[in-house]
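The structure appears right after this line, and notes come after that.
The shown structure was predicted, so the numbers you read here are calculated from the model rather than taken from an experiment. Chain A is the first sequence line, chain B the second, and so forth, proteins listed ahead of strands; every chain is numbered from 1.
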Number of protein chains: 2
Amino acid sequence: MQLMSERGAAGGGLRERKKRATRAALAEAAVRLAAEHGAEKVTVEAISAAAGVSVRTFFNYFETRDDAFVVIDADAGARMRAAVLDAPPGLPPLEVLRGALAAEIAEAEQQHELWRLHAEVLHASPHLLARGVGAHMAAEAELAEAIAERLGDTGGLYPRLLAAVAGTAVRISMDHWSAHQEEAAFLDVFHEVFSLLAAGLPAPPA
Amino acid sequence: MQLMSERGAAGGGLRERKKRATRAALAEAAVRLAAEHGAEKVTVEAISAAAGVSVRTFFNYFETRDDAFVVIDADAGARMRAAVLDAPPGLPPLEVLRGALAAEIAEAEQQHELWRLHAEVLHASPHLLARGVGAHMAAEAELAEAIAERLGDTGGLYPRLLAAVAGTAVRISMDHWSAHQEEAAFLDVFHEVFSLLAAGLPAPPA
DNA sequence: GTGCATCTTTGCATACCATGCAACTTATGT
DNA sequence: ACATAAGTTGCATGGTATGCAAAGATGCAC
């Protein structure tokens with residue numbers, strides 16, 4: 001059996017597939033090792049060995065060691081961009097983002113175990129959680145651009161704020177959920193956060 | 001003349017004052033060098049030399065090189081905590097944060113030039129902007145705790161979300177302002193962002 | 001299927017980041 | 001002035017990250 005068709009990844013060539021496989025192997029090895037030993041104690045050498053490539057190759061795929069713990073899917077940005085531009089015209093921008101992110105997350109959550117480990121690793125190393133924002137900053141900028149395009153407000157403050165707040169929402173949702181996995185599904189937390197945002201973060205009922 | 005009383009820092013001992021001075025010198029050197037040469041090209045050695053201490057001493061003050069570009073004031077957290085707890089009881093939490101942050105920023109903005117350079121450095125190196133969130137994550141957690149205490153909602157989702165969104169607001173405000181310094185004062189941008197948040201991020205008028 | 005062009009991987013050299021430790025210098029309290 | 005505590009420094013060490021050139025795959029044309 002061939003393990004083809006990873007994730008919308010019928011990408012024709014053998015090269016493409018191999019690259020995807022290597023990247024995925026590195027990311028997965030990183031998360032598993034971090035979940036077991038703590039992210040700080042996992043060296044690039046260990047990750048590379050677990051994935052069966054050289055250290056130098058690791059750095060061909062990730063700019064920094066931390067990126068391996070953080071980057072989930074390379075072309076999530078493109079998908080979300082499309083989702084934002086395709087959403088029904090009347091929908092409030094915050095709702096558009098809620099929808100696009102929820103879809104993306106539902107996708108990622110398919111790989112139950114890895115998603116859970118991922119959340120736990122990030123929860124255990126807050127600095128990685130922050131880095132998550134950084135790594136997805138490109139995605140954030142891309143999102144902002146898509147929103148700007150949708151609204152015709154290019155270069156404005158609003159699209160960037162919206163994208164950044166959405167990123168923050170995901171970050172806080174993951175962190176909170178990973179500490180309360182028993183009590184609620186991730187998507188429930190996520191939707192609660194967005195509801196709070198849409199309501200203007202009102203004081204909760206005492 | 002003695003250069004005493006830096007910033008609420010009449011801290012009695014000579015040791016205290018020297019430490020504050022060294023820390024400030026390192027942070028300032030870092031920002032000035034980064035503004036001139038780009039943050040990525042500034043080595044710890046250069047920063048240390050400019051501040052007149054050894055490399056090893058640099059790392060006695062900052063955990064990582066990037067922290068020197070990011071950490072503004074060590075005890076801002078404590079001040080904000082106090083501000084949050086002292087705010088009038090009826091005020092909505094988001095307004096409490098707006099006030100506490102605005103006061104803190106107004107303070108930092110006293111040093112015009114440094115504040116401007118700081119914003120420019122962060123704008124030029126987005127990864128530092130993200131790290132800013134990370135470095136202030138301790139502050140964020142502290143803020144969250146103060147809010148939680150104020151609301152009696154310890155460990156809940158809401159305080160953490162509020163603190164995180166507030167941090168994001170500062171980040172986006174700085175970034176946007178540093179790119180549009182001519183058009184508006186920083187505090188104007190900041191207040192506009194908070195108004196958007198309080199209104200639930202509604203679609204802007206087309 | 002042979003052979004050339006292209007892309008990827010790899011090892012090596014190099015520079016920088018970060019930490020522990022021990023020796024040394026400088027404040028502080030009495 | 002003295003003993004103690006605190007801060008600074010150099011050295012050694014190990015991990016992170018990049019450029020470069022050689023070797024190994026893959027894709028493509030013929």
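Considering only residues two or more places apart in sequence or on other chains, B:Glu149 meets the side chain to side chain donor-acceptor pair (under 3.5 Å) condition with B:Arg81. Residues passing the side chain to side chain contact (heavy atoms under 4.5 Å, CB included) test with B:Ala148, sequence neighbours excluded: B:Pro159. Scored by the side chain to side chain donor-acceptor pair (under 3.5 Å) test, B:Asp175 finds A:Arg160, B:His123 as partners (sequence neighbours excluded). Scanning for ring pair (Phe, Tyr, Trp, His ring centres under 6.0 Å) contacts around B:Phe59 gives an empty result, with sequence neighbours left out.
Counting heavy atoms from C-beta on, the side chains of B:Glu183 and B:His176 never come closer than 4.5 Å. Using a 4.5 Å heavy-atom cutoff, the side chains of B:Glu120 and B:Arg116 are in contact. Side-chain contact check for B:Arg23 versus B:Phe62: some heavy-atom pair is nearer than 4.5 Å. Put simply, the side chain of A:Thr168 reaches to within 4.5 Å of the side chain of A:Ile172, judged on heavy atoms. Residues A:Phe69 and A:His118 have side chains not in contact (no heavy-atom distance under 4.5 Å, counting atoms from C-beta outward). Looking at heavy atoms from C-beta onward, B:Glu28 lies out of side-chain contact with B:Val31 at the 4.5 angstrom threshold. Counting heavy atoms from C-beta on, the side chains of A:Pro93 and A:Arg150 never come closer than 4.5 Å.
Contacts with DNA chain C (heavy atom under 4.0 Å) in residues 58-66 of chain B: B:Phe59, B:Glu63, B:Thr64, B:Arg65, listed by number. Shown for residues 28-38 of chain B: no residue has heavy atoms falling under 4.0 angstrom of DNA chain D. For the segment residues 41-52 of chain A, the set of residues with a heavy atom within less than 4.0 Å of an atom of DNA chain C is empty.
Considering only side-chain N and O atoms, A:Ser54 lies under 4.0 angstrom from the phosphate OP1 or OP2 of C:dT10.
Within a 6.0 Å radius of CD in B:Glu63, no more than 12 heavy atoms belonging to other residues, nucleotides or ligands are found.
Each end of the helix from C:dG1-D:dC30 to C:dT30-D:dA1 yields a helix axis from five base pairs, and these two axes differ in direction by 30° (to the nearest 10 degrees).
Rounded to whole Å, atom C1' of C:dC17 lies 12 Å from atom CZ of B:Arg56. Atom NZ in B:Lys19 sits about 18 Å away from atom P in C:dT26, given to the nearest Å. Remark: C1' of C:dT8 and CZ of A:Arg17 are 16 Å apart, rounded to the nearest angstrom.
Across all their heavy atoms, B:Leu94 and A:Gly200 have their closest contact at CD2-O, 4.0 Å. Taking both residues in full, the closest heavy atoms of A:Ala87 and A:Val96 are given as CB-CG1, 3.9 Å, listed atom of the first, atom of the second, then distance.
With respect to the salt-bridge test (charged N to carboxylate O, under 4.0 angstrom), the residues B:Arg32 and B:Glu113 qualify.
Considering A:Leu201, A:Leu162, A:Leu97 as possible partners of B:Leu201, the one that fulfils the side chain to side chain contact (heavy atoms under 4.5 Å, CB included) test is A:Leu162.
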Enumerate the protein-to-nucleotides 27-30 of chain C contacts in which both atoms are nitrogen or oxygen and the separation is below 3.5 Å.
residue : atom : partner : partner atom : Å
C:dA27  : OP1  : B:Lys18 : NZ           : 2.7
C:dA27  : N3   : B:Arg15 : NH2          : 2.9
C:dT28  : OP1  : B:Leu14 : N            : 2.5
C:dT28  : OP1  : B:Arg15 : N            : 3.2

Quiz: residues 47-55 of chain A side-chain donor-acceptor pairs under 3.5 angstrom, not counting sequence neighbours:
residue : atom : partner : partner atom : Å
A:Ser48 : OG   : A:Val44 : O            : 2.7
A:Ser54 : OG   : A:Arg56 : N            : 3.4
A:Ser54 : OG   : A:Thr57 : N            : 3.2
A:Ser54 : OG   : A:Thr57 : OG1          : 3.2

For residues 184-194 of chain A, tabulate all N or O donor-acceptor pairs below 3.5 Å that involve a side-chain atom, not counting sequence neighbours.
residue  : atom : partner : partner atom : Å
A:His191 : ND1  : A:Arg98 : NH1          : 3.2

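Using a 4.0 Å heavy-atom cutoff across all strands shown, B:Val55 reaches no nucleic acid atom at all.
Of all nucleotides in DNA chain D, those with any atom nearer than 4.0 Å to a heavy atom of chain A start and finish, going 5' to 3', at D:dT16 to D:dG27.
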